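As the structure is a computational prediction, the values presented were derived from the model and not from experiment. By convention here, the first residue in the shown sequence is residue 1.
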Amino acid sequence: MSRIGKKPVSIPSGVTATIDGGILNVKGPKGALSLPLRSEISYTLEDGGISVQPANETKAARAFWGMQRTMVQNLITGVTEGFTKKLLITGVGYRAASQGKVLKLQLGYSHDVNFDIPEGIEIKTPDQTTVEISGIDKQKVGQVAAEIRRWRKPEPYKGKGIKYDGEFIFRKEGKKK
């Protein structure tokens with residue numbers, strides 16, 4: 001039994017949800033998102049919420065149950081509040097600047113890295129060493145953050161690189177003489 005899946009997802013005021021043709025559509029103040037529905041799970045729109053239950057007693061239905069409920073919750077959270085990820089850049093000469101639809105990164109390479117910002121994502125650089133990624137789709141925000149971080153992962157000796165805010169980097173001691 002999924003503890004998460006048992007709870008219905010509440011729909012706040014100002015958000016509308018519809019199920020048509022195997023797709024859940026959610027519209028809210030920040031935009032609209034859709035989710036293709038799994039056949040192993042039954043979704044029902046109740047008064048003020050969406051209930052997610054397994055359609056049958058198979059192992060696959062139980063496996064998808066909690067995840068599908070969380071994905072429905074992420075749709076509703078995305079159209080009401082949105083999601084943000086914060087990246088911190090550490091290193092001498094490492095910096096970032098957002099210019100229109102391009103994020104310019106200077107990461108110690110012989111050239112600047114120009115990262116094209118995808119549609120539906122907003123990137124802000126409050127200072128040269130902080131990058132804030134925001135949007136309504138949680139998966140897309142996380143993917144963009146991972147792609148930016150991939151350019152220079154944090155290394156364990158000096159801690160230089162791009163890391164998530166709150167991420168702990170296990171530091172190693174250098175060579176001994």
Practice task
State yes or no: do L88 and L105 share one hydrophobic cluster built from I, L, V, M, F, W and Y residues joined by side-chain heavy-atom distances below 4.5 Å, directly or via other members?
Solution key: no
Practice task
Measure from the side-chain N and O atoms of K172 to the backbone N and O of E155, and report whether any donor-acceptor pair falls under 3.5 Å.
Solution key: no
Problem - Atom pair CZ/CZ of R62 and F64 - distance to nearest 0.5 Å - result: 13.0 Å
Problem - Which atom of Y109 lies closest to which atom of W151, heavy atoms considered - result: OH-O, 2.5 Å
Exercise for the section: Nearest 0.5 Å please: distance from the CG atom of L35 over to the CG atom of N74. Expected result: 10.0 Å
Exercise for the section: Check the hydrophobic clustering (I, L, V, M, F, W, Y; side-chain heavy atoms under 4.5 Å; chains of links allowed) and say if I136 and F83 are grouped together. Expected result: no
Handout entry: Closest non-hydrogen atom pair, S34 against N25
Key = CB-OD1, 3.2 Å
Problem - Non-hydrogen atoms of E122 and K124 that approach each other most closely - result: OE2-CE, 3.0 Å
Practice task
Taking all non-hydrogen atoms of both residues into account, name the closest pair between K27 and A32 and its distance.
Solution key: CG-CB, 3.7 Å
Exercise for the section: Check whether any side-chain heavy atom of T125 sits under 4.5 Å from a side-chain heavy atom of L103, and report yes or no. Expected result: yes
Exercise for the section: Please round to the nearest 0.5 Å and tell me the distance separating atom CD1 of I133 and atom CD1 of I121. Expected result: 8.0 Å
Handout entry: Closest non-hydrogen atom pair, R152 against L107
Key = NH2-O, 2.7 Å
Exercise for the section: If you link ILVMFWY side chains whenever their heavy atoms are less than 4.5 Å apart, which other residues fall into the same cluster as I169? By chain and number, please. Expected result: none
Completion exercise
To the nearest 0.5 Å, atom OG of S10 lies from atom CG of D47 at 12.0 Å
Problem - 4.5 Å side-chain heavy-atom contact, I162 and Y94 - result: no
Exercise for the section: Return yes when atom NZ of K163 has more than 12 non-hydrogen atoms of other residues, nucleotides or ligands closer than 6.0 Å, and no otherwise. Expected result: yes
Problem - I11: which of T80, T16, I50, V26 passes side-chain contact (heavy atoms from CB on, under 4.5 Å) - result: I50
Practice task
Check whether M71 and V141 end up in the same hydrophobic cluster, where Ile, Leu, Val, Met, Phe, Trp and Tyr are linked by side-chain heavy atoms less than 4.5 Å apart.
Solution key: no
Practice task
Please examine the side chains of R69 and V9, heavy atoms only from C-beta on, and report whether any two atoms are closer than 4.5 Å.
Solution key: yes
Handout entry: Residues that R38 engages under salt bridge (charged side-chain N to carboxylate O under 4.0 Å, His left out), provided they are two or more places apart
Key = E40
Exercise for the section: Can you sort out the partners of E57 under salt bridge (charged side-chain N to carboxylate O under 4.0 Å, His left out), two or more places apart, ordered by chain and number? Expected result: none
Practice task
May I ask whether L45 and I76 are part of the same hydrophobic cluster, defined by side-chain heavy atoms of I, L, V, M, F, W, Y residues being less than 4.5 angstrom apart, directly or through others?
Solution key: yes
Handout entry: Close side-chain approach of T90 and P154, heavy atoms under 4.5 Å
Key = no
Exercise for the section: Please tell me if the side chains of Y164 and L87 come closer than 4.5 Å, counting only heavy atoms from C-beta onward. Expected result: yes
Handout entry: Option among I19, V72, I23 that satisfies the side-chain contact (heavy atoms from CB on, under 4.5 Å) test with L37
Key = I19
Problem - Distance, nearest 0.5 Å, that separates OG1 of T70 from NZ of K7 - result: 9.5 Å
Handout entry: Co-members of F168 in a cluster of I, L, V, M, F, W and Y side chains, linked at under 4.5 Å
Key = F170
Handout entry: W65 (side chain) donor-acceptor with V52 (main chain) under 3.5 angstrom
Key = yes
Handout entry: Joint hydrophobic cluster, V113 plus I148, side-chain heavy atoms closer than 4.5 Å
Key = yes
Practice task
Applying ring-ring contact (aromatic ring centres under 6.0 Å, His included), name anything that partners Y157, two or more places apart in sequence or on another chain.
Solution key: none
Practice task
Using salt bridge (charged side-chain N to carboxylate O under 4.0 Å, His left out) as the criterion, list what pairs up with E167, not counting sequence neighbours.
Solution key: R149
Exercise for the section: Search all heavy atoms of K160 against all heavy atoms of G91 and return the closest pair with its distance. Expected result: CG-CA, 4.0 Å
Handout entry: Euclidean distance, K140 NZ relative to L33 CG, rounded to 0.5 Å
Key = 9.0 Å
Problem - Check: Q53 main-chain N/O paired with S42 side-chain donor or acceptor under 3.5 Å - result: yes
Handout entry: Residue pair T130 / I89, side-chain heavy-atom distance below 4.5 Å
Key = no
Exercise for the section: Using a 4.5 Å cut-off on heavy atoms from C-beta on, say whether the side chain of L24 contacts that of Y43. Expected result: no
Problem - Check: R171 side chain, K158 main-chain N or O, donor-acceptor pair, under 3.5 Å - result: yes
